[in-house]
Amino acid sequence: MSTTIVPTEMTFFSRFESDILSGKKTITIRDEAESYYVPGTTVDVSTYEEGRWFCRLNILTVEPIAFNDLNDFHAQQENMTLTDLKAVIHDIYPGIEKLYVVNYALVK
Ligand SMILES: CC(=O)Nc1ccn([C@H]2C[C@H](O)[C@@H](CO)O2)c(=O)n1
């Protein structure tokens, strides 16, 4: 018998908090270690730096994406330019090609 662990928490760098709360940022791109969010579930969201809770998100979809396939639509959903998005991801996940787009909706 296998047990499936459903993640119930997610962290974001605090600089993204206002974009998430205003609905300007509707996806996050994570590596394999954070690819196990389950569509239809809800996660509590806190800042990575302080661990301060700031919202709940409903996970809509989790889809694999290669770094080289990131496009302007992903950037638009992150509320940044594609150049900035690639730089951010390269900083957080240096050298990682296999990534996951987590699409979410703010729980009101
Ligand atoms: C803080 C932490 O544990 N991990 C991350 C990873 C990514 N993000 C943000 C940065 C970009 O907006 C997207 C794409 O990775 O998600 C983040 O805030 N925290």
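Both counts, for ligands and for their atoms, begin at 1 and track the order of listing. Side-chain atoms are counted along with the backbone in the values below, which use heavy atoms only and exclude waters and symmetry mates.
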>> Looking only at protein heavy atoms, which one is nearest to atom 11 (C) of ligand 1, and what is the separation?
In response: Glu78 OE1, 3.5 Å

>> Any non-hydrogen side-chain atom of Met80 less than 4.5 Å from a side-chain atom of Asp19?
In response: no

> Starting from atom 3 (O) of ligand 1, which protein heavy atom do you reach first, and at what distance in Å?
Replying inline: Thr11 OG1, 3.0 Å

> Considering only heavy atoms from C-beta outward, does the side chain of Arg56 approach that of Asp44 to under 4.5 Å?
Replying inline: yes

> For ligand 1, which part of Phe13 has a heavy atom less than 4.0 Å away: the side chain, the backbone, both, or neither?
Replying inline: both

>> Can you report which non-hydrogen protein atom sits closest to atom 4 (N) of ligand 1, along with the distance?
In response: Arg30 NH1, 3.5 Å

> Does an N or O from Tyr93, backbone or side chain, lie closer than 3.5 Å to an N or O of ligand 1?
Replying inline: no

> Between Leu106 and Leu57, is a side-chain contact (heavy atoms from CB on, under 4.5 Å) present by the stated rule, with each step listed?
Replying inline: CA-CA 5 Å; Leu106 192 61; Leu57 296 177; 3.8 Å; yes

>> Which of the numbered atoms in ligand 1 are under 4.0 angstrom from any heavy atom belonging to Val88?
In response: 10 (C), 11 (C)

>> Please check: side-chain N/O of Tyr104 versus main-chain N/O of Lys25, any donor-acceptor pairing under 3.5 Å?
In response: yes

> Does some non-hydrogen atom of Lys25 fall short of 4.0 Å from ligand 1?
Replying inline: yes

> Does ligand 1 have a heavy atom under 4.0 Å from the side chain of Ile29, from its backbone, from both, or from neither?
Replying inline: both

> Can you tell me the protein heavy atom closest to atom 10 (C) of ligand 1 and the distance?
Replying inline: Phe16 CE1, 3.3 Å

>> If we set the cut-off at 4.0 Å for heavy atoms, which region of Ile27 has an atom near ligand 1: side chain, backbone, both, or neither?
In response: neither

>> So for Met80, does at least one of its heavy atoms come nearer than 4.0 angstrom to any atom of ligand 1?
In response: yes

> Can you list the steps and then say if His74 with Leu82 is a side-chain contact (heavy atoms from CB on, under 4.5 Å)?
Replying inline: CA-CA 8 Å; His74 297 116; Leu82 183 55; 5.7 Å; no

> Quick one: nearest non-hydrogen protein atom to atom 16 (O) of ligand 1, plus distance?
Replying inline: Thr28 OG1, 2.7 Å

>> I want to check something: taking the side chain as every heavy atom from C-beta on, are Thr28 and Phe16 in contact at a cut-off of under 4.5 Å?
In response: no

>> Are more than 12 heavy atoms, taken from residues, nucleotides or ligands other than Glu9, located less than 6.0 Å from that residue's CD atom?
In response: no

> Got an N/O contact under 3.5 Å between Tyr48 and ligand 1?
Replying inline: no

> When you look at Leu85 and Ile29, which way does the side-chain contact (heavy atoms from CB on, under 4.5 Å) test go after all the steps?
Replying inline: CA-CA 10 Å; Leu85 175 61; Ile29 297 167; 4.1 Å; yes

>> With heavy-atom distances below 4.5 Å as the criterion, would you say the side chains of Tyr36 and Ile5 are in contact?
In response: no

